[in-house]
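A short write-up of the structure that comes next.
FYI, side chains are in, hydrogens and waters are out, and symmetry mates aren't considered; it's all heavy atoms of this structure.
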Amino acid sequence: NRGILLRAMRVATQRVSLFGKFTVSFQSVQQGKQINSKFSSGNIVGIRSESDKSLVLESGVICSVSKYSLKVEFKSPPDFDIENVNFSIFLLADNVTYKRMELALRVLENVVDFPLAPVLFGDSLGIPKDANYES
């Protein structure tokens with residue numbers, strides 16, 4: 001079976017790529033084990049430590065998938081130890097879904113006079129306490 005969660009992955013390589021993005025190549029802890037998953041380039045994934053499964057450490061975008069490795073691109077270097085740690089990698093969304101959600105929120109922001117879209121994009125903290133909305 002092919003799944004949307006890869007367990008027991010470790011960092012194989014790490015480097016700074018074009019435009020200052022940080023690329024990390026993950027491979028199975030079991031040397032030579034093939035990656036059997038539904039992941040593809042453009043998928044948005046979450047990374048969490050195998051030891052603390054409740055905490056998502058980082059999210060990134062898959063830039064390439066091969067039989068034995070998975071490369072994930074981050075906006076900046078992770079602020080956690082990536083050496084000698086086993087990770088789980090799980091699917092959050094694919095790029096198409098993300099772009100559709102973003103477009104819908106942008107349209108909502110321009111059409112509806114309600115501060116939901118800026119809150120979702122992190123541009124606003126929400127409705128001011130002194131706001132008076134009549135229904």
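Across Ser40 and Val65, no two heavy atoms sit closer than the pair CA-CG2, 4.1 Å. The nearest pair of heavy atoms linking Phe39 to Leu5 is CZ-N, 4.3 Å.
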Could you tabulate the donor-acceptor pairs under 3.5 Å formed by side-chain atoms of residues 70-78, not counting sequence neighbours?
{"unit_1": "Glu73", "atom_1": "OE2", "unit_2": "Ser17", "atom_2": "OG", "d": "3.4"}

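Note: Arg7 CZ to Phe90 CZ = 12.0 Å, rounded to the nearest 0.5 Å. Rounding to the nearest 0.5 angstrom, the gap separating the CD1 atom in Ile62 from the CG atom in Leu91 is 7.0 Å.
With sequence neighbours left out, the side-chain contact (heavy atoms from CB on, under 4.5 Å) criterion links Ala12 to Ser25, Gln27. Val16 pairs by the side-chain contact (heavy atoms from CB on, under 4.5 Å) definition with Phe22, not counting sequence neighbours. Partners of Gln30 according to the side-chain hydrogen bond (donor to acceptor under 3.5 Å, both in side chains) rule, which considers only residues two or more places apart in sequence or in another chain, do not exist here. With sequence neighbours left out, the side-chain hydrogen bond (donor to acceptor under 3.5 Å, both in side chains) criterion links Ser69 to Ser66.
For the pair Val11 and Phe26, the minimum side-chain heavy-atom distance is below 4.5 Å. In this structure, Ile47 and Met9 have side chains that are not in contact, with every pair of non-hydrogen atoms separated by 4.5 Å or more.
In terms of modelled atom types and a separation under 3.5 Å, the side chain of Ser49 and the main chain of Phe87 share no donor-acceptor contact.
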